Every structure is written in structure tokens, then in C-alpha cells.
Amino acid sequence: MSSTAGQVIRCKAAVAWEAGKPLVVEEVELAPPQAMEVRLKILFTSLCHTDVYFWEAKGQTPLFPRIFGHEAGGIVESVGEGVTDLKPGDHVLPVFTGECGDCRHCKSEESNMCDLLRINTDRGVMLNDGKTRFSINGQPIYHFVGTSTFSEYTVVHVGCVAKINPAAPLDKVCVLSCGISTGLGATLNVAKPTKGSTVAIFGLGAVGLAAAEGARIAGASRIIGVDLNSKRFEEAKNFGCTEFVNPKDHDKPVQEVLAEMTNGGVDRSVECTGSINAMISAFECVHDGWGVAVLVGVPNKDDAFKTHPMNLLNERTLKGTFFGNYKPRSDLPSVVEKYMNKELELEKFITHEVPFSEINTAFEYMLRGEGLRCIIRMDA
Ligand code: NAD
Ligand code: ZN
């Protein structure tokens, strides 16, 4: 047991006091983990769009003060009552969605949508007692998606913690706790392209490039990147993209352009934009008879998907996925192994690094659309 087990820890955390205002790094108090919870020392965290989206709080119920952050790597400091499969010193990735192991979803081989621990962006408290573990002078500071990794220490439900190979460098594999696994899994677990097939990737941000990386790993021979921003194309070559289409360069729908390029349609498509138009194009561009389209992007509140039912009758399949269909605890360790075996490259996703004291710079990079992932070093 560590010397801090069972005690309140005082540590630095980046607190979001108000929507859209720079985070403030300050000392917080963190209570010990309760039943089925673990306390983690976070070593590296990175910034994902979901953090920025909820920090801006446009279009959802704002919940402040809050500690954001959900892509991270760390070490178990102490465990609460009932935790048997993790111990202090274990290397872990916290995940914004969980795996309780007992519900119908966790027992199904097909689903990763755990009833108990699936993502909940509105909840700012822990499940065990409906309270926060973070506070400043007695004032509760809310959690974010059960992870709150913009802190030197955090408390997480054990079902949201993947134990990984201790030899894996946490400053690299931390990016697997959200976006990269989402894109990779969307291709490898859901679209499942066969060797030699043609895959279209809509949206070449971090998630789409991870989806392209999945297509490369699966042995697709043509990987067509589709993005409205032509600046993305050069970078996408490093992720296996062989061809590019900017819908703005054409005066017909992009699905028609793709059908012409591929003799009737692509074998698989993966949509990683969040744009409803791209979702419809991604579906309509797959070949009849066998084509499969997978939606990953999160749409706007009032969006509706519209296509002629004939497109489905003609034997096209439309699917959607959440966190790349990976079950966090069961499956993430093997994704880390893919990196360790050099099957999967992560370095190319990491374009920036800042010390914790400069966490707001990571927000600026993302708001400017600069780079892919910025690693925040907690010890600096
Ligand atoms: P990003 O903003 O970095 O990249 C999106 C890209 O899509 C941009 O390059 C943009 O130019 C492009 N784009 C936008 N509209 C387009 C259109 N109509 N046609 C072609 N390209 C278009 O975002 P990201 O971090 O890579 O995330 C991508 C999406 O995945 C987001 O919607 C995000 O919310 C979602 N996401 C989903 C899950 C899940 O589990 N389903 C998990 C994480 C992220
Ligand atoms: Zn479950």
C-alpha cells in the first residue's frame, strides 16, 4: 500500500471554472477511492475534441466548476473496497466509457455499450454516492465522463480502467484511451475491410486518420481520404491514404465522384466528420451488393439521416459504432500490444507536447485546428 492510501491527497488540477474561460491550475483536495473505485496518478494526458466541446458548453447543459480530460495514462495509487483486479503500481489507461462485466451488454460479444458505465456527459459525480471526490476548500468540483484526467491524481470507477503492459510508454499509448482506438476499431472491428479492398475515409482528423491506419493494417489496397480541408491530404499519406477527394472540387455529389473512381462504389467507408451530409455520402458511396458504411462522427442535435430505402435494399449495410466497438477493460490491452509489436504506429498522431502548467496552449492548438494530438506532461 502507498503511504497516501486512505487519505485525502492535495494535488494540482486544471479547473474549468466557467465555460470557454482558460483553465486554472490550482491545488485541489481529492478524497480516497470508495467501493469499486481506484485512485490514479496521471502521468500523461492529451486533449480531445470532446473536452473542448464540453468546455465551450455550446448546446448542452453547462456543469461547472469541472475538471476535464479523458485521454490519459497513469499508475494506480490506491484501490477502494471490493477492487480485486487492480493494485497499486499497475499501469493503466482510464476510459470515458466502461465495462462493468455483469450487464447484458458486457456479456454480449457484440456490444460495448455497458448499461452501468457507458459515457454520460451530464453526470459530474461518482456513481457510488452521487458526490464528487474533488473539492477546493469544501466546494465540490465536478468530474467529467468519469475520468477527469487534467489532474495529477483522479478517482475513477474500476470498470473504466484498462490495465496494460507496464513496458508500454504511457506518453504514447495514452492516446489510445479515446480517439485513436475509436477510429482504429471502427475500421478493424466494424467495417472489417478485406485485404486488397477499397476503403473511403470521410474526415481526416485524428479519428479519421486512425480509421485510415486501420485500413492500412487490414491490407486495403486503395484508401481514399475525403475532406473539405485540402491541407489534411499531405499528412494523410502517412496514415495509408492513397488518394484524396475534396468534395468542394466537384460539382456533383461526392458519392458519385467516388462511384466513378471505383467502378461502382467503395467496399467500405468510415465516416469521421460529425457532418450529416458526409454521413449520407459515406453510406451512398459504398458498392451495392456488399458495401458497408460505418458512422463514427457525432451529429448535431436536430440532424436526421435521409436516404432512399432502395439504397439499403440494394444490399448496402449501414452501421454505427461507439469507441470502435472495443470493450475498454477486455480489449484495450491488446490494442496496446499492437503498438508494442510495431503493427500500429502512434508517434505520428502526437504532434505537440506541453507541460501541465501550459495546458491552455493545448486548447489553443485544437481551436486553431493545428496538429492532431498534444500530450500534456503532468510532471512538468
Ligand atoms: P476533427 O475535427 O479533427 O476532424 C474532422 C474532419 O472532418 C476535419 O478535417 C473536417 O475538415 C472534416 N469534415 C467536416 N465536414 C466534412 C464533410 N462534410 N465532408 C468531408 N470532410 C468533412 O475531429 P476528430 O477528433 O477526428 O473527430 C471526428 C468525429 O468523431 C467527431 O464528430 C467526433 O465527435 C467523433 N467521435 C466519435 C466517437 C465515437 O465513439 N463514436 C469517439 C470520438 C470522437
Ligand atoms: Zn456493463
Side-chain angles (χ1 to χ4, degrees), residues 46-54 70-71 95-108 111-119 121 127 145 157-160 175-186 189-190 200-213 224-233 235-236 239 244-250 253-255 257-258 269-282 285 294-300 303 319-330 349 351 365-373:
S46 50
L47 184 59
C48 162
H49 270 130
T50 315
D51 296 306
V52 176
Y53 184 75
F54 284 90
H70 64 285
E71 261 189 26
V95 185
F96 63 89
T97 182
E99 182 182 353
C100 75
D102 288 327
C103 72
R104 284 171 310 153
H105 290 274
C106 287
K107 292 210 157 109
S108 153
S111 173
N112 66 345
M113 304 282 293
C114 175
D115 274 332
L116 183 69
L117 299 169
R118 75 168 67 166
I119 187 170
T121 55
L127 282 174
V145 294
H157 192 285
V158 65
C160 300
V175 300
L176 289 175
S177 66
C178 175
I180 310 307
S181 296
T182 295
L184 188 73
N189 300 335
V190 189
I201 307 289
F202 285 71
L204 302 174
V207 176
L209 292 173
E213 179 76 358
I224 308 173
V226 182
D227 201 298
L228 296 172
N229 178 358
S230 297
K231 284 195 206 135
R232 295 278 186 187
F233 294 167
E235 188 166 43
F239 296 82
F244 305 102
V245 176
N246 186 335
K248 285 191 203 156
D249 294 343
H250 302 270
V254 66
Q255 49 272 49
V257 178
L258 288 163
S269 73
V270 185
E271 176 280 329
C272 307
T273 67
S275 148
I276 187 68
N277 294 327
M279 293 179 192
I280 294 166
S281 303
C285 79
V294 178
L295 307 187
V296 176
V298 178
N300 289 326
D303 283 338
K319 293 184 167 192
T321 178
F322 181 67
F323 195 50
N325 232 53
Y326 288 118
K327 289 185 196 280
R329 284 207 278 181
S330 309
F349 288 100
T351 50
Y365 291 140
M366 183 145 287
L367 291 169
R368 287 203 297 264
E370 216 178 282
L372 296 171
R373 278 297 183 262

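Both counts, for ligands and for their atoms, begin at 1 and track the order of listing. Quick caveat, the model's predicted, so the values are computed rather than measured.
- Of all protein heavy atoms, the one lying nearest to atom 4 (O) of ligand 1 is G205 CA, 3.4 Å.
- Using cut-offs of 30° and 60° on the angle between ring planes, the pair F233 and F244 is parallel.
- Although no hydrogens or angles enter the test, the distance criterion places a donor-acceptor pair under 3.5 Å between the side chain of K327 and the main chain of S111.
- We find the CD1-CG distance between I276 and N300 to be 9.0 Å, quoted to the nearest 0.5 Å.
- Atoms CG and SG, from D115 and C103 in turn, are 4.5 Å apart once rounded to the nearest 0.5 Å.
- Our summary of the site lists the angle at the Zn ion (ligand 2) between SG of C106 and SG of C114 as 110°, to the nearest 10 degrees.
- Between the Zn ion (ligand 2) and H105 there is no N/O/S contact shorter than 2.8 Å.
- To the nearest 0.5 angstrom, L372 atom CG is 6.0 Å from R232 atom CZ.
- Summarising the contacts of atom 20 (C) of ligand 1 with N325, L295, D227, N246, the nearest heavy atom is found in D227.
- In terms of N/O distances under 3.5 Å, ligand 1 is not approached by T50.
- Closest approach of A186 to T321, counting heavy atoms only: CB-CG2, 3.8 Å.
- When the heavy atoms of N277, L372, T273 are ranked by distance to atom 13 (N) of ligand 1, first place goes to T273.
- Which of C272, G371, A278 comes nearest to atom 29 (C) of ligand 1 through a heavy atom is settled by distance: it is C272.
- For ligand 1 and G274, the ligand atoms under 4.0 Å from any heavy atom of the residue are 32 (O).
- Side-chain atoms of E99 do not come within 3.5 Å of backbone N or O of C106 as any donor-acceptor pair.
- Checked against a 3.5 angstrom limit, the closest N/O atoms of A206 and ligand 1 fall inside it.
- In terms of N/O distances under 3.5 Å, ligand 1 is approached by V298.
- Annotation: F323 places an N or O atom under 3.5 Å from an N or O atom of ligand 1; distance criterion only.
- Close contacts of ligand 1 with S275, meaning ligand atoms under 4.0 Å from a residue heavy atom, involve 15 (N), 18 (N).
- Atom NZ of K231 is separated from atom CG of L204 by 14.0 Å, given to the nearest 0.5 angstrom.
- Atom 7 (O) of ligand 1 has as its closest protein heavy atom G203 CA, 3.4 Å.
- Atoms of ligand 1 lying under 4.0 Å from at least one heavy atom of T321, given by number and element, are 41 (N).
- Inclusion of V296 in the set of residues having an N or O under 3.5 Å from an N or O of ligand 1 is warranted.
- S177 and E71 share no side-chain donor-acceptor pair at under 3.5 Å.
- Evaluated by nearest non-hydrogen atom to atom 35 (C) of ligand 1, the leading choice among S230, G320, A282, G297 is G297.
- One finds the CZ atom of F54 at 10.5 Å from the SG atom of C48 (value rounded to the nearest 0.5 Å).
- By heavy-atom distance, the residue among V207, V226, T97, N229 lying nearest atom 44 (C) of ligand 1 is V207.
- The structure places CG of L127 at 6.0 Å from CG of L117, a figure rounded to the nearest 0.5 Å.
- Considering each of T182, L228, I280, the one bringing a non-hydrogen atom nearest atom 43 (C) of ligand 1 is T182.
- Minimum heavy-atom separation, R118 to H105: NH2-NE2, 3.4 Å.
- The shortest N or O to N or O distance between H49 and ligand 1 is under 3.5 Å.
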